[in-house]
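Data block below; observations after.
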Amino acid sequence: MSFLTLEKLSKVYGDFAAARDIDLNVAKGEFVSLLGPSGCGKTTTLQMIAGLIEPTTGTIMLDGSDITREKPNRRGLGIVFQSYALFPHMTVAQNVAFGLEMRKIAKAERDERVKAMLALVHLAAFAERYPRQLSGGQRQRVAIARALVIQPPVLLLDEPLSNLDAKLREEMQFELRRIQQRVGTTTIMVTHDQAEALSISDRVVVMEQGRMTQVDAPYKLYENPATPFISTFVGKMNRLEGIWRKGAAEVAGIALPAEAGGLAEGAAIAVSIRPEKLVLKTPGQGRIDGTIANRFFLGGSWLFTVETAAGAILVSAPNDGEEPAREGAKVALDWAPASLRIEPLAQGAAA
Amino acid sequence: MSVGRSAATPFWLAGPGALLFLGLVVLPLVLTVILSFHVYDHTTGIKNEFTLAHYAAVFSDEYYLGIFWRTLRLAGLTTLICVLIGAPEAYILSRMRDPWRSVFLLVIIGPLLVSVVVRAFGWSMLLGSTGLVNQALQGLGFDSVRLLYTETAIVIALVHVMLPFMVIPVWTALQKLDPMVEAAAWSLGASHFTALRRVVLPQVSLGMLSGSLIVFGLSASAFAIPGLLGGRRLKMAATLVYDEYMHELNWPLGATIAIIVLVANLVIMLAYNRVIETRARKALG
Amino acid sequence: MQKNGPIALLFHTLVVAFVLAPLVVICLVAFTPENTLSIPTTSFSLRWFREIFRHPDFVASFVNSLWLATLAATLSVAISVPAALAIDRYEFPGRDALNALFLSPLIIPHLVLGVAFLRLFALIGATGSFGWLVACHVVVITPYVLRLVMASFTGLDRSAEQAAMTLGASHWTVFRRVTAPMILPGITGGWLLAFINSFDELTMSIFVTSPQTVTLPVRMYMYATESIDPMMAAVSALMIALTAAAMLVLDRAFGLDKILVGQK
Ligand SMILES: Nc1ncnc2c1ncn2[C@@H]1O[C@H](COP(=O)(O)OP(=O)(O)O)[C@@H](O)[C@H]1O
Ligand SMILES: [Mg+2]
C-alpha cells in the first residue's frame, strides 16, 4: 500500500528536463534515498514533493489525495534543507516551536512537545542557544527537530549530512536512522554519497540525468546494478569487455571461467566483478596471473591494483594483521565463477 | 607580509594622512566650537569676548526653534517614506533574476553618483507652476497646485536623493539571508505574509535601522534640496547656517547652529551603536 | 518559487519611474528649442548646449572642478594606500583611533565641515586658495577610498604573498609584483568614486570657494537660485551623461553594485 506516490513527475526548464517521468511509490514508515551525482535532478524532485517547485507534468498523491498543486505551507511536510535554513534570530526552542505556533497550538502543549523533541535529538541543554552558537552537527539536529515536531506525514531531507566532516557524518547517519525508526516517519532523503544511501535506507532510488534508473533495496542494488553507471557509482567494480567463447568469457585472448546461459558463441559481453569477490593466491595457483602495481591500506582491508594480461584489476582483501604482498610481487587471482557477472553488450557497443 | 620590521613603520605609513586629518578635521572643529562662544556685534563683527548668548538665542527664539522643528519633521517624514519605499523595493530587487536584478539595482542606486544640484533642479522643473506635474493635472481637468517652494516639494526631492541610502543596507542584509529560510517557514505552515513578518523582517531590521539613521542624518543636514526647492522662506538647518554666514555675516551664530546640528548627529549615531550593542548582547543569550 | 507578484511589479515600476523622472525630464528639456523650460515636442535643438559656451564662468568652473577632483582623488589614494597598509597589517597603539579619525568625515555633516574649514582659513588667511580647497576635498573623500582599499587588503589572499617570498622575492618586489596588482581594482575603484564624489560636492565647497575657485556644482547652485532656464538643463544633462559614462566604466571594471553597496 503506497503512502506517497509520484506519477510521471517532470520538471522542464526551457528545453532542459531537470527531472523526467519520475514514478515512485513509498510505503508508510519507509526510508527512501534519492541517490545520484550532482546535477541529476534530486533536489528538483524533492522540492516538487515539498511544493517549492511546481512540476511541469505529473501528479503527487499523499495518503490518497492529490497534493500536486497544494501550496507548501498547506502540505504539512517536514523539510530539512541542505543549508539547514534555521532562523538565525530565534533560539533553538523558538526555531522548533515555530511550526507549532503556525498551527496555533497552545503554549503549554507547545512547550511540552518542543521539550520532548529536543530530548529526542539530545539537545535539551541547548534550548536557549542561538543557531550560530551551535556546532554543525547540533544545527543539523535542530533542523531535524524543527521538521519532525509538527509530526509531518513525510520527512524530506536534502543532503542533510553533506556539510559535516567525515566522522560526524557517520555518527549522524546512525542518529538519523535512530530518530527515524523511533518516530516512524516516512522519509525521503537526497544524497550523492552512495555509502550513506546504502547504509541507512530501506530502498535506494538511483537517478541519472533527470531519470530514475533503478529502485531497489541497498544490497540488491549493490549485487545487481541495473546499468554500467550504477555498477561503478555504487561501490567499486571491475568491468572488462570481451566475447563469449566455449562457455567462458574471453578478455584480451584470456579465458575467464564464468557461468552464464543463453549466450551465442562469439557474442560481445561485459564482464564485471566486485573487488572483494577476488582472492589473491601464489602465482600459478589461480585462474589468472598478474603483478601488483600498487596497494592501499584502508584500515579494515587492503586494496590492490593487479596488472594482468586481461587489464588492470582491483582486488580487495581483508586485513588479517599480516603484511600482504608488496608492489611488484607476482600473484594469481581466483574467484568463484558464479560471482563473475556477464552481460551481453548491445550490438556495436562493444567497440 | 610585514613590510618592515621597525615599530615606527606604521607611523611613517599613516603619519602624513593623520596629520592632514588632525589639521583639517579636529582643529577646525575645535575652532568652530570656540567661535560659537564669541560675542558678535553687528557693527564691529566678532569680538574677543565670550558668551553663551548664541545658544540661549537659538533655544529661545521662535524663529530658530521653528526651523529646527521643520528640519526634524521633514527629516523624519523623509526617513519614514524611505523605509516604506526602500525596504520593499530592496526585497523585490532581491527576488529578481539576473540580469534584471543588476540592471534595476543600478537604476535605483546609480543616481547616488549624480550631483544633488542636478537632481534638485530636475525636481524643480517637474514641480514648478508650469512643470510637468501641473501640466498633467491640468490635462486631466484638475486645478494646478502649488508644489514648488513647499514642504511637499522638499520631502519628495529628499526621498529621491536618500532612497539609495535605504535600499543599500536593506539589500546588503537581504543578501546575507539564506533564501531557503523563507521556504523553511512556508514548509512549517507559515503564510507568505507571516514568513515575511516573522522571518525576513527581523533579519533586515538592523539594515533598515542603519539606513534610517543615514537617511535621517543626511536629510537633517541637507542643503541643496531645501535651498532650491524650499525657496527663501522655507528654511532648514543647513540653509539657515548658510544665511547666517553669507548674508547676515553673523558667524558665531551660524557656528552655534552648525555645532547643534553636529551634536545632534553624533547623539543619533551613538544611540544607534547602543541599540546594536544591546542587540548583540541579547543575541549572545 | 521566488517570483514577484503583480502588485510587487507595479510597485517596482512606480519606484523606477520616480527615480528616473527628474533625470529623464532634464535630458529632454535640454534639447528644447524654446526659451522656456519645456519638453521639445516638434524639434530638438542644441542651442542651449551652445549657450553654455557663451558663459565662460561655467566653462571655467567645469575645468576647475575637473582639476580639483583629479588632484583630490589622486592625493586621497596616495594617503589611503599606506594608511590602509598600516591599519590592516600592523598592531600599534592608537590604531583604532587612527581608523576612527580617517573615517570621521563620514559622520560629520558636510555643512559643519564647510563652516569649520571657513573658520580655519579665515584665521590663517587661506581663504580662496585652490590648494586648500583641494585639501578640504581630500578630507571629505578619503573615507570612501580608504574603505575600498581596506576591503581589498582584507580580501587579499596572504598566501600568494607568502608564496612569492618563499620563491625568493624581496619585500618590495612582493609588494610591486603581487600585492599591488591584487589591490589595484580597489585602488582604481576608490579613485573613480573619490573623483565623482569630489566633482559633485556642493555643501562643503560652497563655504570655502572664492570667485576664482568656484566649482561647477556651486556655480550651478548659485545660478539656479537666481533663475532657471533651459541652459541649466543642458549643463545638467552633460553632467548626467558624464556620470553615466563613469558609471559604465566603473561597472564594467569592478561591478558598480559592489562599489556602491560597499560605500554606503
Ligand atoms: N531554475 C532552474 N533553471 C534552469 N535549470 C535549473 C534550475 N534549477 C535547477 N536546474 C538544473 O537542473 C538540474 C538538476 O538540478 P538539481 O535538482 O539541483 O540537481 P541535484 O541532483 O544536484 O540536486 C541541474 O542541471 C540544474 O542546473
Ligand atoms: Mg541538490
Side-chain angles (χ1 to χ4, degrees), chain B residues 1-3 9-10 13-14 16-18 20-21 24-25 27-29 31-32 35 85 88-89 92 95 102 104-119 121-126 132 160 163 168 171-172 179 221 223-224 227-228 238 241 254-255 258 261-262 265-266 269, chain C residues 2 4 8 11-12 15-16 19-23 25-26 29 37 79 82-83 85-86 89-90 92 98 101-102 104-105 107-109 111-112 115-117 119-120 123 135-136 138-139 161 171 174 179 196 200 202-203 217 220-221 224-225 228 232 236 239-240 243 247 251 256-257 260-261 264:
Chain B
M1 182 186 72
S2 47
V3 173
T9 312
L13 287 171
L20 179 77
F21 271 67
L24 276 182
V25 177
L27 178 60
L29 282 180
L31 290 174
T32 307
L35 177 63
I85 297 181
E89 178 61 20
I92 293 171
R95 285 158 59 101
S102 338
F104 282 118
L105 186 64
L106 280 197
V107 167
I108 301 286
I109 64 178
L112 205 60
L113 298 181
V114 177
S115 172
V116 178
V117 185
V118 170
R119 285 183 280 167
F121 174 69
W123 279 110
S124 74
M125 283 201 300
L126 275 170
L132 248 110
H160 185 260
L163 196 58
I168 290 173
W171 163 266
T172 315
S221 59
F223 172 70
L228 289 176
V241 172
V261 170
L262 176 65
N265 221 46
L266 295 181
M269 294 288 166
Chain C
Q2 299 221 334
N4 288 307
F11 179 86
H12 171 70
V15 172
V16 169
V19 167
L20 291 181
L23 305 179
V25 165
I26 286 172
V29 171
L37 293 169
I79 289 175
L85 201 63
R89 301 272 167 109
Y90 291 88
F92 55 94
L98 190 69
L101 178 64
F102 278 125
S104 63
I107 55 163
I108 304 174
L111 161 85
V112 178
V115 166
F117 292 148
R119 178 56 176 161
L120 177 72
L123 287 179
C136 293
V138 170
V139 167
E161 293 176 340
H171 285 298
V174 169
T179 319
I196 294 172
D200 287 346
L202 167 73
T203 314
M220 288 171 70
Y221 179 84
T225 47
I228 40 179
M232 266 297 285
S236 299
M239 284 186 76
I240 292 173
T243 313
M247 265 173 64
D251 192 40
L256 190 59
D257 47 344
L260 284 182
V261 169
K264 203 164 280 179

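Numbers restart at 1 for each chain; the letters A, B, ... are given by sequence-line order, proteins then strands.
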| Using non-hydrogen atoms only, which part of Ile196(C) is less than 4.5 Å away from chain B: side chain, backbone, both, or neither? | side chain
| Quick one: of Ala224(C), Pro109(C), Ala83(C), who has the most non-hydrogen atom pairs under 4.5 Å with chain B? | Pro109(C)
| message | Applying the side-chain contact (heavy atoms from CB on, under 4.5 Å) criterion to Phe104(B), which one of Val19(C), Val15(C), Val16(C) satisfies it? | response | Val16(C)
| In terms of heavy-atom proximity below 4.5 Å to chain B, should Ile108(C) be classed as side chain, backbone, both, or neither? | both
| note | Among Val138(C), Val25(C), Leu23(C), the residue with the most heavy-atom pairs under 4.5 Å to chain B is Val25(C)
| message | I need the minimum non-hydrogen distance between Val114(B) and Asp200(C), along with the two atoms involved. | response | C-OD2, 3.8 Å
| query | About how many Å separate CG of Leu24(B) and CG of Leu120(C), when rounded to the nearest 0.5 Å? | reply | 6.5 Å
| task | Let me know if Leu163(B) has heavy atoms under 4.5 Å from chain C in its side chain, its backbone, both or neither. | result | side chain
| note | Turns out that what part of Leu262(B) lies under 4.5 Å from chain C's heavy atoms comes down to both
| request: Quick one: pull up CG in Leu35(B) and CZ in Arg119(C) and give me the separation to the nearest 0.5 Å. | output: 4.5 Å
| remark: Heaviest contributor of heavy-atom pairs below 4.5 Å to chain C, chosen from Met269(B), Glu89(B), Arg119(B), is Glu89(B)
| task | Pick one of side chain, backbone, both or neither for Met239(C), based on which atoms fall under 4.5 Å of a heavy atom in chain B. | result | side chain
| note | All heavy atoms of Val112(C) vs all of Ala258(B), minimum pair found to be CG2-O, 3.5 Å
| said: Measuring from atom CG of Leu29(B) to atom OG of Ser104(C), what distance do you get when rounded to the nearest 0.5 angstrom? | reply: 8.0 Å
| query | Side chain, backbone, both or neither: which part of Ser236(C) has a non-hydrogen atom closer than 4.5 Å to chain B? | reply | both
| note | Rounded to the nearest 0.5 Å, the CG atom of Leu113(B) sits from the CD1 atom of Ile240(C) at a distance of 12.5 Å
| field | Which portion of Val116(B) sits near chain C, non-hydrogen atoms under 4.5 angstrom | value | neither
| Quick one: what part of Leu98(C) sits under 4.5 Å from any heavy atom of chain B, side chain, backbone, both or neither? | side chain
| field | ring pair (Phe, Tyr, Trp, His ring centres under 6.0 Å) partners for Phe223(B), two or more places apart | value | Tyr242(B), Tyr221(C)
| request: Might you point out which heavy atoms bring Ile79(C) and Gly17(B) nearest each other, and give the distance in Å? | output: CG2-CA, 3.5 Å
| note | Whatever's closer than 4.5 Å to a heavy atom in chain B on Thr225(C) counts as both
| note | What one should report as the nearest heavy-atom pair of Ala18(B) and Phe102(C) is N-CZ, 3.5 Å
| remark: Of all heavy-atom pairs linking Val117(B) and Pro217(C), the shortest is CG2-O, 3.9 Å
